[in-house]
Number of protein chains: 2
Amino acid sequence: MVHGTSAGAGTGGATPAPAGPRAPLTRERVLARAVAIADEQGLAALTMRSLAQALDVKPMSLYHHVAGKDAILDGIVDVVFGEMELPEPGGDWRAELARRARSARSVLRRHPWAVPLLESRAVPGPANLRHHEAVLATLRDAGFSVPMTAHAYALLDAFVYGFAVQEAALPFDAGSAPQVAEAIAAQFSSGDFPRMTELAVEHVMQPGYDFGDEFEYGLGVILDALAASLPGD
Amino acid sequence: MVHGTSAGAGTGGATPAPAGPRAPLTRERVLARAVAIADEQGLAALTMRSLAQALDVKPMSLYHHVAGKDAILDGIVDVVFGEMELPEPGGDWRAELARRARSARSVLRRHPWAVPLLESRAVPGPANLRHHEAVLATLRDAGFSVPMTAHAYALLDAFVYGFAVQEAALPFDAGSAPQVAEAIAAQFSSGDFPRMTELAVEHVMQPGYDFGDEFEYGLGVILDALAASLPGD
DNA sequence: ACCTGAACACCGTTCAAGT
DNA sequence: ACCTGAACACCGTTCAAGT
C-alpha cells in the first residue's frame, strides 16, 4: 500500500510505532482499518461502531482523530487516490498517461466501494489534488494548449471513472459463478433483448473474453485522438 | 416526466386514479415521490419515514407496495433510466447515439443522486434493459460487428457515466456562488498545484467557459473513432 | 491528552393487530 | 386488502465524566 506517507495535515508524531495489538490510535490507522473493512465487507459494513471494534476501541475514541463519519469517507477516498501511480511530467506523455490510467483502473477495481464516493465527496483531498496536478502537468509539458488540456483532462477522467462504474456493476467476475450466468441467460431467453442475448452468447460468454480488453480499446481511441490534435505531430 | 408507463412488473389497475390528496398508494406513486425527495433534498433525506410522511401515510404502509428500501433504490434508478431518450435503430446511427448520449447526460444532471446508484444496484430494471437493448440494436444495425459493438458500447457508456460523475462533483454550478470560487482560488494560491491554478484562472473561470462543451468534444472523439472503424465507410 | 459510559434522536424492518 | 402501533436492533453524535 502506498497511501502518501507524510502527505496530509500533520498528525505530529513521526515515530513508526510498532504495529502490535492495541497500538496507539492515529488518523492513519483509523483510515487504513476503514479501507480494510470496506474492502472485505462492503461500504455498508463500515460504521463508527464496527470500525471502533476492529480497532479494539470504543466508538467515541475515533472522534479524537477524525471529525466524524464524513471525514472518514473523505479520508478513505484520498487513501485510494494515493494508491494510484502518478504520470511523470516531461516524459513520454502517451506512455505516462496510459500507465496512470491503467493504475487508476486497477486501484478502483480493488476498491469498488470508492467509485460511488468519488462523486459525493465535495472537498478533494491532498492525494487527489496531487494526482490531478500531475495529469495536467503531463499534458501541458507534452505541448497541449490550455483549452486542449481541459478537453483531454475531462475525456480521460470521464473514461477512467466511467469504466470503473461499469466494472463495479459487472454481475460476474470473469466467469466465476455459473449459476449467476444462468440466471442472466434465463432473463434473456424470454425473446425480448435479442441484441443483448446475441452479445452475451456470441461474445461475452466465449472462453477468451475479458472485459478488461474494452479498457485498452477505449484508452487507445482517446490517446490516438489526443495525439492527432498535437500541433508538432 | 417520462418514466415508462406500463413497463415494469404489472401493478394491476390501469385506471388513472385522480392525483388528488390522499390518492391510493401505488408502486408508481411511491417511486415518484422518492425521486422528488432525492431531487429536492438529496439521497440522504430519502428514508422510509420521510417518504411515508411525504405521502401522508405511515412507514409500514410502504411495505405493501415495495419490498423495502433496496427495492425503492432499484426502482428510482430505473425511473431515471426511463427518462432517457432511446436511440432509434436503423436511422442515422451517429445522430441517434449522439441524441441518446446528450439525453442521458441531461437526465443524470437532473438527478445527480442517481450516479452513485448506477453502480451499486446489481439487478438492472426493465427501463435499463430496454435502454441498452436500443443502443446495441442501433450499433448492430449500423453495421458494426459483434466484437466492435462490445467496444463501442463499453466506450460510450463509460464516457456518459464518467462525465456524469465529474459533473455531479463540480464545485460550482456555472459560476453561481463567487465565495466558493474564492475558497478554491485560495487553496490554489499556495503555489502548489500551478497547473490547476493555470487551468482555473486562464480557462475555466473565464466568462464564456461551459463545462458542457467538454462533453461535446469527448462525444465527437468517440463517434469519430467508431465511424472510422466501420467497414463500408 | 486521550479514552469512555450513558444518552439522544434517528434508521430499516418484523410482528401482531386493527378495519 | 390495505393500513398501522409498538417494538427491536441498529445508526452517528453530544455531553459529561474518568484517567
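Predicted model only: the values in this text are computed from it and were never measured. Only heavy atoms go into these numbers, but all of them, side chains included; no hydrogens, no water, no symmetry mates. Residue numbers start from 1 in every chain, and the chains themselves are labelled A, B, ... in the order their sequence lines are given, proteins ahead of strands.
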Just N and O in the side chain of [X]: are any of them under 4.0 Å from OP1 or OP2 of [N]?
X	N	answer
B:Y63	C:dT14	no
B:K58	D:dC3	no
B:H65	D:dC3	yes

Do [X] and [Y] have side-chain atoms, one donor and one acceptor, less than 3.5 Å apart?
X	Y	result
A:H151	B:D213	no
B:R100	B:H131	yes
B:Q166	A:Y153	no
A:H203	A:E198	no

Closest to the 5' end of DNA chain C, once A:L62 and B:S50 are matched to their nearest nucleotides, is A:L62
As a test of your reading of the structure, name each stem of DNA chain D as range with range, where a stem is three or more consecutive Watson-Crick or G-U pairs at under 3.5 Å.
C:4-8 with D:12-16, C:12-16 with D:4-8
Any N or O donor-acceptor pair under 3.5 Å from the base of D:dC2 to the side chain of B:H64?
no
Would you mind classifying the nucleic acid contact of A:M48 as base, sugar-phosphate or nothing, using non-hydrogen atoms under 4.0 angstrom?
sugar-phosphate
Once you apply a heavy-atom cut-off of 4.0 Å, does B:S61 come out as touching a base, just sugar-phosphate, or nothing?
base
Side chains of B:V135 and B:T138: closer than 4.5 Å at any heavy-atom pair?
no
Please verify the inter-ring angle class for A:F163 with A:F215; under 30° counts as parallel, over 60° as perpendicular, anything in between as tilted.
perpendicular
